[in-house]
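We name chains A, B, ... by the order of the sequence lines, and we start the count at 1 in each one.
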Protein chains: 2
Amino acid sequence: MTTLLDVAKKANVSKMTVSRVINHPDKVTDELKQLVYEAMRELDYHPNVIAKALANNSTRIIKLCILEDIDTTEPYYMNLMIGIAKTLDLHQYSLQLVTRRNFDIGNCDGYIITGMRISDVDWIKDLKKPVVLFGENRYGFDFIDTNNKAGTYLLSQLALKKGYEKLIYVGIDSKESFEYSREAGYLQQVQEKRMVPELHRFGNHSHLSEDFIRQNWDKIPKNTAFICASDRLALGVERAIVRCGGKVPDDFGVTGFDGVFLNQVASPKITTIKQSIIQMGSACGETLLDKIQSGESQGSLVFEPKLSLGGTLRD
Amino acid sequence: MTTLLDVAKKANVSKMTVSRVINHPDKVTDELKQLVYEAMRELDYHPNVIAKALANNSTRIIKLCILEDIDTTEPYYMNLMIGIAKTLDLHQYSLQLVTRRNFDIGNCDGYIITGMRISDVDWIKDLKKPVVLFGENRYGFDFIDTNNKAGTYLLSQLALKKGYEKLIYVGIDSKESFEYSREAGYLQQVQEKRMVPELHRFGNHSHLSEDFIRQNWDKIPKNTAFICASDRLALGVERAIVRCGGKVPDDFGVTGFDGVFLNQVASPKITTIKQSIIQMGSACGETLLDKIQSGESQGSLVFEPKLSLGGTLRD
DNA sequence: TTGTTTGATGTTATCGGTAACAGTTTAATC
DNA sequence: GATTAAACTGTTACCGATAACATCAAACAA
């Protein structure tokens with residue numbers, strides 16, 4: 001393995017100059033830079049990350065903290081981890097999965113946190129290392145997420161274009177930011193069209209939305225579309241409609257959000273918003289590493305939602 | 001972060017003694033060891049892996065080299081990587097995915113190689129760092145794999161128990177070790193029952209086995225079971241039987257091997273061998289790290305196959 | 001008793017980088 | 001032309017560990 005010193009000798013400069021060429025090229029004259037670059041090329045020099053890490057007092061470890069319970073049947077978090085790990089590996093960082101309990105064990109260079117609740121804001125604010133959240137928030141933390149508002153806005157728009165005359169929002173009974181955003185997308189579309197909004201909220205389980213629809217079936221007019229905050233809720237709604245003798249998508253429309261695993265097995269498939277969790281995971285990694293390197297906040301990254309057309313809206 | 005020096009001071013010994021307590025405890029008196037252990041506990045000392053790596057001239061990088069073309073629709077290699085990465089992360093090693101082309105770029109501490117062919121034996125033998133293969137081989141390399149022979153043996157046995165009177169083996173046209181082992185499992189079962197073996201080999205594509213069955217349909221007696229070397233081949237066989245008017249599983253049985261993704265979509269599901277690729281990936285990682293640490297060969301690890309009962313053998 | 005061996009512990013140099021500071025050259029100012 | 005600031009480049013110490021060597025005391029042999 002060729003080292004800094006080898007390059008330095010070959011280029012007739014000091015180690016420090018070589019180091020500077022790599023890390024602060026603006027502080028070296030072009031002349032020397034050329035010499036150094038050439039020496040590096042000739043010797044096929046690759047910096048030793050380990051030595052660099054030691055000198056910089058860094059660990060090359062990123063902690064991923066998942067604050068929700070993990071539903072292992074959903075590949076959701078698996079994909080997230082794959083995305084993060086892929087990026088981190090690329091930069092020779094390693095990923096450490098931690099929970100709230102063992103959060104403080106061992107050092108690290110930064111955190112990726114997902115599933116944050118309001119009650120978590122305080123301790124996250126106190127962290128001394130860079131943080132990136134997966135999932136939107138309104139507390140000033142950098143985050144990566146889908147544009148939730150745009151998602152429901154698009155789905156609502158599509159439903160109206162397909163001729164449904166009433167839009168009912170079926171949301172998640174939660175005070176989290178993403179839910180507010182999804183509601184906001186629906187509301188905006190409905191208000192633009194001067195329609196009367198109707199919102200309901202449940203825990204995120206298909207049987208809850210299903211029960212609700214069945215109990216209120218007589219009050220629901222034909223030609224209604226349900227804009228649901230998750231695929232799970234959508235699945236429940238669709239099931240209820242079918243059981244009550246309604247026709248999807250002819251008389252009733254249903255849309256979901258998330259489209260991870262359910263979309264694979266449902267029939268007809270839910271018209272929903274597709275998110276590439278892997279891609280967003282990568283973005284989490286990239287953003288955090290940038291933040292670590294620059295020491296500055298990197299802002300947030302919002303992925304534009306993509307419609308995934310299933311069979312629960314008219315064609 | 002507490003360092004070796006902090007511990008040394010607290011215990012009134014030199015850094016070196018602390019280091020020895022960790023790495024060569026037999027070379028330190030029990031008395032001092034106790035002092036050091038106590039100091040470590042009190043200060044909650046965790047060794048700095050980075051510094052250790054630098055001193056030991058190690059990289060904490062493991063290269064994973066996949067020598068086959070990757071079928072991205074199959075989560076096979078994804079799962080393998082997840083399994084490996086999980087283990088490596090646990091030990092703060094990072095995984096680098098390489099191909100034959102960029103294999104030599106950058107240093108590492110060891111290799112995990114999968115998809116090895118006979119032509120690869122030479123260069124793999126020349127590697128200077130520890131290697132673990134994923135997939136059995138007969139060249140003395142340590143490996144992790146399913147017990148291929150036991151798999152087809154079990155499936156053949158099951159088919160006979162279900163009353164099929166003839167067993168035809170549909171194998172992969174390849175000189176690789178796993179294929180020989182799968183054939184051997186079939187042969188052993190057939191010979192134990194004093195039956196006449198019948199083997200055919202094709203490339204691993206469903207249409208190849210399908211074509212073969214259709215072309216030879218008139219020569220195949222009822223009550224035959226096909227022991228296939230892969231789920232793909234099994235799928236082709238089943239399709240052919242159905243198209244030719246045969247009944248699965250009543251008149252014909254079919255078994256596969258691997259059961260990764262196809263098993264999810266096929267109907268009826270193939271009776272096959274299930275392998276936990278993630279688990280085997282973890283084992284690859286563990287074995288390689290042990291090998292790196294001990295400097296000695298760790299032998300091979302063979303996972304016992306598990307039957308996955310589908311609907312292609314009689315109940 | 002004295003030299004030698006053995007085992008336990010401490011000292012020093014090193015792994016391959018980087019920051020902080022020191023030294024040198026060049027350009028700008030009066 | 002002398003003074004001073006600015007821009008480069010080199011020196012030194014250090015990050016936190018480990019191996020190799022040095023040291024020292026106790027145990028043993030002659």
Within the 4.0 Å heavy-atom criterion, would you say A/L5 contacts the bases, only the backbone, or no part of the nucleic acid?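 Counting heavy atoms under 4.0 Å across all strands, no contact is made by A/L5.
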Would you classify B/S14 as touching base, sugar-phosphate or nothing, given that sugar-phosphate means primed atoms plus P, OP1 and OP2, and contacts are heavy atoms under 4.0 Å?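 Result for B/S14 = base.
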Just by distance, no angles: are the side chains of [X] and [Y] close enough, under 3.5 Å, to form a donor-acceptor pair?
| X | Y | value |
| --- | --- | --- |
| B/S181 | B/R138 | yes |
| B/T287 | B/Q298 | no |
| A/E179 | A/S174 | no |
| A/S282 | A/T87 | yes |
| B/D258 | B/Q275 | yes |

Considering only heavy atoms, which members of residues 16-27 of chain B lie under 4.0 Å from some atom of DNA chain D?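 The answer is B/M16, B/S19, B/N23, B/H24.
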What residues from residues 41-63 of chain A pass a heavy-atom cutoff of under 4.0 Å to DNA chain D?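 Per residue number, the list reads A/L54, A/A55, A/N57.
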Is it true that atom [atom1] of [X] has more than 12 heavy atoms of other residues, nucleotides or ligands lying nearer than 6.0 Å?
| X | atom1 | value |
| --- | --- | --- |
| B/Q293 | CD | no |
| B/E31 | CD | no |
| B/K129 | NZ | yes |
| A/K291 | NZ | yes |

Quick one: are A/V18 and A/V13 in side-chain contact, heavy atoms under 4.5 Å?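 A side-chain contact exists here, since the closest heavy-atom pair is under 4.5 Å.
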Measure CD/A/E31 against C1'/D/dA7 and give the value in whole Å, please.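 Roughly 14 Å, once rounded to whole Å.
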Please report, rounded to the nearest Å, how far the P atom of D/dA19 is from the CG atom of B/L4.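 So the two atoms are 12 Å apart, to the nearest Å.
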What is the first contacted nucleotide of DNA chain C and what is the last, in 5' to 3' order, if contact means an atom lying under 4.0 angstrom from a heavy atom of chain A?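 Contacts span C/dG16 to C/dA20, reading 5' to 3'.
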Contacts of type side-chain hydrogen bond (donor to acceptor under 3.5 Å, both in side chains), residue A/D104, not counting sequence neighbours: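 A/D104: no side-chain hydrogen bond (donor to acceptor under 3.5 Å, both in side chains) contacts found.
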Just to verify, what does B/F103 make a ring pair (Phe, Tyr, Trp, His ring centres under 6.0 Å) with, not counting sequence neighbours?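 Checked B/F103 against ring pair (Phe, Tyr, Trp, His ring centres under 6.0 Å); matches are B/Y111, B/W123.
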Go through the steps for B/D30 and B/K33 under the test salt bridge (charged side-chain N to carboxylate O under 4.0 Å, His left out), then give the verdict. CA-CA 5 Å; B/D30 291 349; B/K33 252 187 286 191; 3.4 Å; yes
Take the C1' atoms of the five end pairs on each side of the helix from C/dT1-D/dA30 to C/dC30-D/dG1, get both axes, and report the angle to 10 degrees.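 The end-segment axes of the helix from C/dT1-D/dA30 to C/dC30-D/dG1 are tilted 60° relative to each other.
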